[in-house]
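Note that the numbering runs from 1 along the sequence shown for the chain.
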Amino acid sequence: MKKYNLLLLLMSLSVIALAQSNYNLLIGTYTNTGKSEGIYTYNFNTINGNTKLKQVTKDVANPSFLVLSPDKKFAYAVNETGPTSTVSAFKYNAATGAFTFLNKVDSEGADPCYLTADNDNVIVANYSGGSLAVFKRKANGSLSNAALVIKHTGKSIDTKGRQESAHVHMVKFTPDKKFLIVNDLGEDRVYTYNYNPKSKDKVLTIKSVLKTNPGTGPRHITFSPNGKFAYLAHEFNGSITGFYYKNGTLNKIQEIGTAPKDFAGKIDGADIHVSADGKFLYETNRGDANSISVFSILPTGILKFVETVSTLGKGPRNFAIDPSGKFLLVAHQYTNNVVIFKRNAITGKLTDSGKRIEVGAPVCLVFTK
């Protein structure tokens, strides 16, 4: 009897371990390439890095960036289609990985490229439109028409390129959720807005504006898990600016490059994230570089270079560290695959696992249960 009970216990523990090791990996794509059908849901095993397709949500135009509601019951996607761009709301089924369409609304600006969500609102960054828009969430998860639209009107020094006008590239809540950080690549500015989620017409009010180095193009920002530090990736030169963060204020502590000093090609900085343990920072470059750089984070928040390696594809638009911290996945927009790296939690270094996900024009990766 004791052996039987022990066997049952071991079997139960195995089932629990198996369940805990499996996550959904959501992949947003560009459908206008003709190689993607919409939003993809894969099962990802954090023990061995194996993946299996669970679901494809079709008839969604260019769902290039995705976000889940805090309770994981709903999902929101931008539909990046130029002047006709919209934002779509879905009911999300974690068990099947399916997205059920609820509604879509005008994004209130061309080419939305990023969005974030909390219990009250979905906030969207419109790249070509140079604007950000706030949409109220209804009880059933659907979206109202825009409750607030803020249009940036500035420019910066590259007036013949991508700084001839404002280009809002990212909207991100600060760790304390009291403020919204907005990166404007076209203006070389980082805006901090006071956030009042319940307000009807003053959800966002300006707190401060930070000017970055002219011609660098601030793109994405990430925070350390303890909320004390922030790291800003610049698209045009691939540099990273480190900040102390407190009460909605960013104070610069460091600026560091991610490409060799003699690198002559196009860099195109893309994505930036800190590992869950707060010990390492990663940043991707596209263009001619197609690389990912690794930095250790000192207790002071200062970055120390570890290594730069090839992402083994072209156009590493977005990347994500899996929930176990053992793998780092890079989505390649132009080589139509996701490369799965093994990640050393002690050194932060990356090695190729040899595993790939073949999917058309992947540009956003989201892990969830």
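At least one test fails for Lys228 against the ring of Tyr245: distance under 6.0 Å to the centre or angle within 45° of the axis.
Rounding to the nearest 0.5 Å places NZ of Lys198 at 8.5 Å from CG of Asn121. Atom CG in Leu180 sits 7.0 Å away from atom CG in Leu132 (nearest 0.5 Å). Between Asp322 atom CG and Ile340 atom CD1 the span is 9.5 Å, to the nearest 0.5 Å.
Arg189 places no side-chain N or O within donor-acceptor distance of the main-chain N or O of Leu210, the cut-off being under 3.5 Å. A donor-acceptor pair under 3.5 Å links the side-chain atoms of Thr212 to the main chain of Asp188, judged by distance alone. Between the Ser144 side chain and the Phe135 main chain, no donor and acceptor come within less than 3.5 Å of each other. Asp118 places no side-chain N or O within 3.5 Å of a backbone atom of Val122 that could act as its donor or acceptor partner. Not one N or O on the side chain of Gln163 forms a donor-acceptor pair closer than 3.5 Å with the backbone of Pro214. Formation of a donor-acceptor pair under 3.5 Å by the Asn103 side chain with backbone atoms of Leu143 is found in this model. Proximity of a side-chain donor or acceptor of His273 to a complementary backbone N or O of Phe319 within less than 3.5 Å is detected. Proximity of a side-chain donor or acceptor of Ser21 to a complementary backbone N or O of Asn45 within less than 3.5 Å is not detected. Not one N or O on the side chain of Ser64 forms a donor-acceptor pair closer than 3.5 Å with the backbone of Thr29. Asn24 places a side-chain N or O within 3.5 Å of a backbone atom of Ala94 that can act as its donor or acceptor partner.
In summary, the side chains of Asn194 and Lys178 do not present any donor paired with an acceptor at a separation below 3.5 Å, with no hydrogens or angles considered. Side-chain polar atoms of Asn140 and Ser142 form a donor-acceptor pair below 3.5 angstrom. If you check the side chains of Thr258 and Asn285, you find a donor sitting under 3.5 Å from an acceptor. In the model, Asn237 has no side-chain atom that pairs as donor or acceptor with a side-chain atom of Thr216 under 3.5 Å.
In this pair, Tyr282 and Phe280 present their aromatic rings tilted. The plane angle is within the 30 to 60° band. Ring planes of His220 and Tyr114: perpendicular class, angle over 60° (limits at 30 and 60°). Ring planes of Tyr231 and Phe229: tilted class, angle from 30 to 60°.
Around NZ of Lys104, the count of heavy atoms belonging to other residues, nucleotides or ligands within 6.0 Å does not exceed 12.
Of all heavy-atom pairs between Ala331 and Val338, the closest is CA-CG2, 4.2 Å. Across all their heavy atoms, Val171 and Val124 have their closest contact at CG2-C, 4.3 Å. Taking every heavy atom of both residues into account, Ser85 and Asp111 meet most closely at OG-N, 3.2 Å. Contact detail for Phe236 and Ile267: the closest heavy-atom pair is O-CB, 4.3 Å. Here the closest heavy-atom approach between residue Leu68 and residue Ala117 is recorded as O-CB, 4.2 Å. Closest of all the heavy-atom pairs between Val363 and Asn318 is O-CB, 3.1 Å.
Salt bridge status for Glu235 with Arg162: present, with a side-chain N to carboxylate O gap under 4.0 Å. A salt bridge is defined here as a Lys NZ or Arg NE, NH1 or NH2 lying under 4.0 Å from an Asp or Glu carboxylate O, and Lys58 with Glu37 meets this definition. Taking the charged nitrogens against the carboxylate oxygens, Arg137 and Asp120 have no contact shorter than 4.0 Å, which rules out a salt bridge.
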Assess whether ring pair (Phe, Tyr, Trp, His ring centres under 6.0 Å) is satisfied between Phe179 and Phe173, documenting all intermediate values.
CA-CA 6 Å; Phe179 307 95; Phe173 291 122; over 10 Å; no
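Checking each of Phe341, Phe367, Phe44 against Phe327 for a ring pair (Phe, Tyr, Trp, His ring centres under 6.0 Å) leaves exactly one that passes, namely Phe44.
One hydrophobic cluster holds both Phe90 and Tyr92 under the rule that ILVMFWY side chains link at heavy-atom gaps under 4.5 Å.
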